[in-house]
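Contents: one structure, followed by commentary.
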Amino acid sequence: MHPAPSVILFSSLSGAGFGLLFFLGLGFPITTGWVAFVFYAIAYALAVGGLLSSVFHLGNPRNAIKSYSQWRTSWLSREAWAAVSALLVMALYAALQVFFAITVPPLGWLGAALSLATVFTTAMIYAQLRAIPRWNQPATPAFFLASALASGALLSGNVVAAIVLLLALAAVVAFHWWKGDRRFAEAGTTIGTATRLGGRVSLWEKPHTGENYLTREMVYQVARKHAVKLRVIALLMMSLLPVLLLLAFPAHHWLAAIAVLLHLAGIITQRWLFFAEAEHVVGLYYGAHIGRAAAH
Amino acid sequence: MTALPTTTKKKLGLVIDLDTCVGCHACVTACKGWNTQNYGAPLSDQDPYGKASGTFLNRIHSFQVTPERDDGAPVLAQTVHFPKSCLHCEDAPCVTVCPTGASYKRAEDGIVLVNEDACMGCGLCAWACPYGAREADAAAGIMKKCTLCVDRIYNENLPEIDRQPACVRTCPAGARHFGDLADPTSDVSILVAERGGVDLMPEQGTKPVNQYLPPRPRDTIGMTGPATGAADTLSGEEDILAPFLASVTEEPQGFLGWLDRALEKL
Amino acid sequence: MNQPVLNLSPKVSDEIRKTTCYMCACRCGIDVHMINQPDGSQKVSYIEGNRDHPVNRGVLCAKGSAGIMQHNSPARLRAPMKRAGERGSGEFEEISWEEAYSIAESWLRPIRETDPSKLAFFTGRDQSQSFTSWWAQAFGTPNYAAHGGFCSVNMAAGGIYTMGGAFWEFGQPDWDRAKLFLLFGVAEDHDSNPIKMGLGKLKKRGAKVVGINPVRSGYNAVADDWFGITPGTDGLLILSLVHCLLKAGKIDLEYLRDFTDAPVLIDADPASPTHGLALLDDDGHKLVWDRTEKRARCYDAADVNPDLAGVWDVDGVRHRTVFVHLAEKYLDAAYTPEAVAGRVGIPAPRIRALASEIARVAFDEAIELDREWTDFRGRIHKTMKGRPVAMHAMRGISAHANGFQTCRALHMLQILIGSVETPGGFRFKPPYPKAATAHPKPHSKVTPGAPLDGPHLGFVQGPADLALKDDGTPARIDKAFTWDNPMSAHGMMHMVISNAHAGDPYRIDTLFMYMANMAWNSSMNTSGTMEMLSDKDANGDYVIPHIIYSDAYSSEMVAYADLILPDTTYLERHDCISLLDRPICEAEAAADAIRWPVVEPDRDVKGFQSALVDLGARLGLPGFVKDDGSRKFADYADYIVSHERRPGVGPLMGWRGNGEETGRGAPNPAQLDRYIENGGFAIAHIPEEAQFYKPWNKAYQDWAVEIGLFDKAAPYLFTLWCEPLRRFQLAAEGHGDRQPPEPLRARIKATMDPLPIWWDASLGQDGDGEFTVNALTQRPMAMYHSWGGQNAWLRQIHGRNPMYIPTKLWELHGFEEDGWARITSPHGAITVPVAHMPALNANTIWTWNAIGKRKGAWALHDNAPEVKEGFLLNHLIHELLPPKRDGMRWSNSDPITGQAAWFDLKVKIEKVSAPDGARSKPDSGTQKSPVGKGPDALAWEVG
Ligand SMILES: Nc1nc2c(c(=O)[nH]1)N[C@H]1C(S)=C(S)[C@@H](COP(=O)(O)OP(=O)(O)OC[C@H]3O[C@@H](n4cnc5c(=O)[nH]c(N)nc54)[C@H](O)[C@@H]3O)O[C@H]1N2
Ligand SMILES: Nc1nc2c(c(=O)[nH]1)N[C@H]1C(S)=C(S)[C@@H](COP(=O)(O)OP(=O)(O)OC[C@H]3O[C@@H](n4cnc5c(=O)[nH]c(N)nc54)[C@H](O)[C@@H]3O)O[C@H]1N2
Ligand code: SF4
Ligand code: SF4
Ligand code: SF4
Ligand code: SF4
Ligand code: SF4
Ligand SMILES: [Mo]
């Protein structure tokens, strides 16, 4: 799949934002006044900024409002609901803390739950797509949640939780890659099932000379070597290096900040791979992934 | 409206004959023409006189096939022209993922459509379609797809005989057929039964309505025995005097003698 | 929420106007949907097929359906132009029609008064040859022809000289009855839609389709069986099939006896001056041996019983029937499948199996219609017997230097099994069948200030008919109808520019061309041609002094002309698809059609034929002016209606006289309106009993006379033995006073055999073994030569033309995807992208024809793939063969008809790295666009 910057930013930043809101909602830490203001400013900047950037991805934003209508069937619609409700509930919870130094735990817990729900719905938008086998696996929501929580823990300064969650994230992401590399074959979709032609089948002529929406959006391919390098980089920046920093200097603010930046850079790299490595079965009709055989 | 109808009264769709499609692309431009002028936003083209990229609802892919024989003998390579447009799936993932309700499947005939007034151009439906049957239009910013010419097939401003998709009407080889695949007595259903029509990507669980008729067996002349020779020439080892070619010239006085007797018999 | 309410019956358009498509030469009927504009004008909104039309029955091909983009092309010329820069630069100045005409007149008038042959007028894709040739004849120049010479004259001439009709679009397989269909060397053909519709019919009935073609794509992709033959060897394959069928006696003796020259007596005495010619009676009728009366008799006697077998002495001279000659020749072991297999690249058992399949279907699945009919001898036949084996062929056969004889071989095969003009076989379309002897002969007698002595083109019967001056030099600039290629029935347009440039056989003053992209895809040796067109002599004048050209679009050729007469698009003018020319007839009906302006041009352009009418009047050409010198026709539409070729016979057959008469009748001023009312065409059905066996069918002959195809019944025998060929051979053997130049004697003797033969035509091309790979082009179904390239929709489908490489060569050279190759021929080299194709003859490479474009042409942007990677194979093909030992250079064409031998090309391949900018070579430079560039975006909805 084409790694569109807007979508990558959205899913990584908003993930981190909602992760932070989750911890604030649970009351780790409980803050008030300016400190609270700064925490919530960061959280909303990330979450809302992410949501906004995803709007740039729309061809016709005028109808964005209609995306609230299909919560019964559409994960994207559910995400829209989850996101606003999370943001509204947490806004109330935050306002009370910032301006009146009042903390209403049940409200926070609700906000926290909605924040995680938002991340989960985002993940399900991808996980539900059978046409993209790499995404179509339980590990997809797992790592979305893991990365939101890890980012949240890191941003909210819950060092111990952060270390644990960052390592968990590394594990889940590694599994997602391992499983993802097998998903296309498991899905069983091949040039044979795509055309239902017997024998060895390959593309002779594309239906058109230039690129089209489909080839641009869905027939994106990364070189294997390239991908492996990026996976290592992602793992290092996303979790291992931050973990080392946290273990080495638990309470050092500057280095914590660097850990956060490394982590976010790692997340973005991982999201880039999440898209770039995802093979859409339509690629078969354009001569991509034809080498792939079904798993037996 | 992205909940799928539990059942549809009719299952209107196309049956595409891969044994007959010559890959002429007539259905492609007929579709482009009709749908640029009709249903919803025109199908736009970017840099149409340079490095062009445009929206099409129907495209012809061409594949090469090298059949494998059970006995491993070489078989001549084949070329198959392969038209592809929306298959109007019964279990259409493109519909259920749509957040705005723009994508829907009509309860009365199963046609899958995009209500362009509601589409926000997020592209998720195109991601959900395994077949690449949806293309976001770069100029209009909304999703386009085969409408099964819903604005033709019921159109009272068209003569009865023209109430069929533009691509079907124009196909010179008659490789495209339109009809109700829910009705086992319809011409299309009978055709599918006779010619062993198949679903594309059945494992994707989309239950396509459109059916594809596979190419008939190829290269049978002189293929009575096991094949020999290079895969680009190929020769069947049938008994050296092919049937129907018993020589007349072995007879007394040879060919002219035979000729004389044959003429006498006329 | 429930589903939105749709308007299921939206208004489609305000009006439908029915005319004829011209995205290619197939001439399908189209319904043009019009939508009213606020300003009261109308715009074209959608084009679909006309269901009532005899050619396409409602279907349209990709090109036809994209016609709206052709009509709106940004490359359309806007006004007459005169050259402002050097030839080739594309710099022009728009001028008025008045100025354009006066420039043309200032060149043409003096020529006509002194030496009309200084004008060379050649037309390309046009559909009005009966009109343009009539104009040229009135002007008085012998130098006129259309594009047939480089197109497929072998097919036309081979068919007409053998059976009085040809494939091309002049006949059709019996799609409704054929059970086995053999398709030789066709990618698309002129009959684009009818062939697709026909294949559809065959497939529907489960009939077997066999594709004989080095490339397996398109029609050959749907063929049930594919024979990936070695290019140029079909003649050998066919003669081997003939061998097998003869040997097994699987031939239709009755058909051969009654309807062909098989029983005709041929002088078999090598000593006699008429050796190889038919025995004739005093009034020139061919004689056959009568089995019952044991004597030579006229072939058409009511009670004659012709004998196929035998050798007889008539007046002391030994005679043998054509059939005996034929049997002896092809029963020879040289034609056994085993003997030919290696050369044709098809194993002997498959060849034999194909022969066996033909025999099985022709004789075991024979069909019989119970339709009574009467033959030309007056004999009544209770039924119509049919051999349901149909065949069709086109340029794969004809675009080789041995193509004429190969076409004849194919027709001989059809005739031997009795499947021509019989049910299930091949059928002629009016005005065919028409014997070669019934066609005119070429005329070339020039008289200053006066018309030519007759029509330019025709069918020679022997040396006496050649177009030679009294001093024996060629009378025509293209050297058609000379000893080089005596039977060049369509002229040799591909030789005009190089001959004019060389001043051989003489210098001309004005080159006038119409609808032919001669500076690009329609010329061999494209780079060389561009140089010749812009070459200057010692005193700095162009070697070809004046060039007038009519095009509708900003093509490559436009840039090389001095004066441009801008044509309209096909929706903006009158055209006439006439029985005098290339009509749209069907096997069961005569039909013709028109185009008419369904929209008015929004540019200062004019239908070319109307411009010719104007020019004819200005020059005072006979036929174009009244006795008082005033103009005779207002415009082309007026000509179409009021011109009479023979009394009562004009360009259009329908609604003549009072409007009730068909074929014959006085001009009817309301004729065009009647055509428009009827959907743009007229049709006259052939009576049932006349629909088969047409050359010999009394009912058909009478019907043809009645509608004016000819003036008296003209039945004839198919000629397996081609006497005109033999007459040239006789001359080469030293008989007669008109003698060929010495260097040509041997070749004429060898090639002009009265019975079909095969020779390896690619020998001269292989540079003594250095160039061994065959290189071909194919027509893309969704693209028309160069002119489809300006079409925004079509060019998205075919904007690229890689060189397709078969697996063997792909692996041998270690090519990879998106790789490049340098392809070299004895004449030149190109560097082009390659792509792999398994379903391809192992020693053949090919590419799509005419995709490559010159930078600046067609209003395309410089980043267009056609300009960057696109290329022409033509750079590798020369109009002359490499010099021979004796230094002589023969033209790269069929020695008999002059057909351009596009497909004899031999090349060698090397793998190379992509050139900088991934731009294919050669770079043909840039031309300035007189019409600017196309828009950056399109969304063509007509409100
Ligand atoms: N390598 C290779 N070369 C080939 C061939 C091949 O098979 N291989 N095929 C050969 C054959 S058979 C042919 S016939 C030629 C065809 O080649 P051309 O005769 O050149 O055919 P086109 O390029 O389609 O069109 C010629 C010109 O007609 C112009 N034109 C289009 N519409 C109109 C109109 O309405 N009015 C006027 N006045 N002009 C118009 C176009 O703009 C174009 O400049 O190519 C030959 N060249
Ligand atoms: N869409 C479209 N239609 C067209 C045209 C166009 O440009 N586009 N052009 C029109 C014109 S001008 C013409 S002349 C006709 C020509 O129509 P076609 O005769 O179909 O012309 P080509 O495309 O040159 O096809 C030649 C075929 O012969 C094959 N071939 C080459 N050499 C040999 C051989 O030695 N033996 C055999 N058996 N096959 C061989 C090639 O692989 C190719 O398939 O098409 C007309 N129709
Ligand atoms: S083909 Fe694709 S777009 Fe059409 S219904 Fe099926 S999933 Fe949806
Ligand atoms: S692009 Fe339009 S139709 Fe498709 S999912 Fe998004 S809103 Fe629905
Ligand atoms: S049915 Fe209509 S919209 Fe669908 S492919 Fe055919 S022409 Fe296009
Ligand atoms: S129009 Fe018919 S034959 Fe041509 S590509 Fe489409 S389906 Fe195939
Ligand atoms: S074949 Fe196609 S382009 Fe040619 S006339 Fe017919 S519709 Fe037009
Ligand atoms: Mo041609």
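Lettering of chains follows the sequences in order, A, B, ..., and the numbering in each one begins at 1.
Using modelled atom types, one finds no donor on one side chain facing an acceptor on the other under 3.5 Å when comparing Ser53(B) with Glu211(A). Side-chain contact, Thr189(A) with Gln204(B): a donor N or O sits under 3.5 Å from an acceptor N or O.
Contact count against chain B (heavy-atom pairs under 4.5 Å) is highest for Ser77(A) among Gly210(A), Ser54(A), Gly287(A), Ser77(A). Interface check for chain B: of the options Gly59(A), Gly199(A), Pro207(A), the most heavy-atom pairs under 4.5 Å are formed by Pro207(A). Chain B forms the most heavy-atom pairs under 4.5 Å with one residue out of Ala131(A), Gly198(A), Ala187(A), and that residue is Ala131(A). Counting heavy-atom pairs under 4.5 Å between each of Ser202(A), Ala64(A), Gly283(A), Gly192(A) and chain B puts Ser202(A) at the top. The residue among Gly123(B), Ala138(B), Ala118(B) with the most heavy atom pairs within less than 4.5 Å of chain A is Ala118(B). Chain A forms more heavy-atom pairs under 4.5 Å with one residue of Ser62(B), Ala133(B), Pro130(B), Ala52(B) than with any other, namely Ser62(B). Ranked by heavy-atom pairs shorter than 4.5 Å toward chain B, the options Ile191(A), Leu197(A), Thr193(A) are led by Thr193(A). In terms of non-hydrogen atom pairs under 4.5 Å with chain A, the most contact-rich of Pro214(B), Gly205(B), Gly54(B), Pro93(B) is Gly205(B). Contact tally against chain A (heavy-atom pairs below 4.5 Å) for Ala136(B), Pro202(B), Ala128(B): the top residue is Ala136(B). Of the listed residues Tyr68(A), Tyr285(A), Trp75(A), the one with more heavy-atom pairs under 4.5 angstrom with chain B than any other is Tyr285(A). When Val28(B), Asp47(B), Asp199(B), Thr66(B) are compared by the number of non-hydrogen pairs under 4.5 Å with chain A, Thr66(B) comes out ahead.
When heavy atoms are compared at a cutoff of 4.5 Å, Ile60(B) approaches chain A solely by way of its backbone atoms N, CA, C and O. In this structure, the portion of Leu214(A) lying under 4.5 Å from any heavy atom of chain B is its side chain and not its backbone. Both the backbone and the side chain of Cys122(B) come within contact range of chain A, with heavy atoms under 4.5 Å apart. At a 4.5 Å heavy-atom cutoff, the contact between Pro215(B) and chain A is made by side-chain atoms alone. Proximity to chain B is absent for every atom of Ile65(A), based on heavy atoms less than 4.5 angstrom apart. Phe56(A) does not touch chain B: none of its heavy atoms, backbone or side chain, sits under 4.5 Å away. With a 4.5 angstrom heavy-atom cutoff, Val65(B) touches chain A via backbone and side-chain atoms both.
Residues satisfying the side-chain hydrogen bond (donor to acceptor under 3.5 Å, both in side chains) test with Arg78(A), not counting sequence neighbours, are none. His177(B) meets the ring-ring contact (aromatic ring centres under 6.0 Å, His included) test with no other residue; sequence neighbours excluded. Remark: Ser189(B) engages Ser186(B) in a side-chain hydrogen bond (donor to acceptor under 3.5 Å, both in side chains) (not counting sequence neighbours).
The side-chain heavy atoms of Gln70(A) and Cys98(B), taken from C-beta on, include no pair separated by under 4.5 Å. At least one side-chain heavy atom of Arg200(A) sits under 4.5 Å from a side-chain heavy atom of Glu68(B). At least one side-chain heavy atom of Met143(B) sits under 4.5 Å from a side-chain heavy atom of Tyr213(A). Arg59(B) has its side chain within reach of His208(A): a pair of non-hydrogen atoms, C-beta onward, lies under 4.5 Å apart. With a 4.5 Å cut-off on side-chain heavy atoms, Leu203(A) and Gln64(B) do not count as touching.
Leu284(A) approaches Met201(B) most closely through the heavy-atom pair CD1-CE, 4.4 Å. Closest heavy-atom contact between Ser74(A) and Val97(B): OG-O, 2.8 Å.
Note that OH of Tyr131(B) and NE2 of His280(A) are 11.0 Å apart. Values are rounded to the nearest 0.5 Å. With values rounded to the nearest 0.5 angstrom, Thr79(B) atom OG1 is found 6.0 Å from Trp204(A) atom CH2. The CZ atom of Arg72(A) sits 14.0 Å away from atom OG1 of Thr96(B), with the distance rounded to the nearest 0.5 Å. Interatomic distance, Glu135(B) CD to Glu217(A) CD, rounded to the nearest 0.5 Å: 11.5 Å. Between Ile125(A) atom CD1 and Leu124(B) atom CG the span is 6.5 Å, to the nearest 0.5 Å. Note that CG of Leu76(A) is 10.5 Å distant from SG of Cys125(B), once rounded to the nearest 0.5 Å.
Asn63(A) places a side-chain N or O within 3.5 Å of a backbone atom of Asp117(B) that can act as its donor or acceptor partner. Under a 3.5 Å cut-off, the side chain of Arg196(A) and the backbone N or O of Tyr212(B) do not form any donor-acceptor pair. Using a distance-only test at 3.5 Å, with no hydrogens or angles considered, a donor-acceptor pair links the side chain of Ser69(A) to the main chain of Thr100(B). One N or O on the side chain of Arg130(A) and one on the backbone of Glu203(B) form a donor-acceptor pair closer than 3.5 Å.
Within 6.0 Å of CH2 in Trp81(A) there are 12 or fewer heavy atoms belonging to other residues, nucleotides or ligands.
Between His61(B) and Tyr286(A), the ring planes are perpendicular. Angles over 60° get that label, and only those under 30° would be called parallel.
Of all residues in residues 19-26 of chain B, those placing a non-hydrogen atom less than 4.5 angstrom from a non-hydrogen atom of chain A are His25(B).
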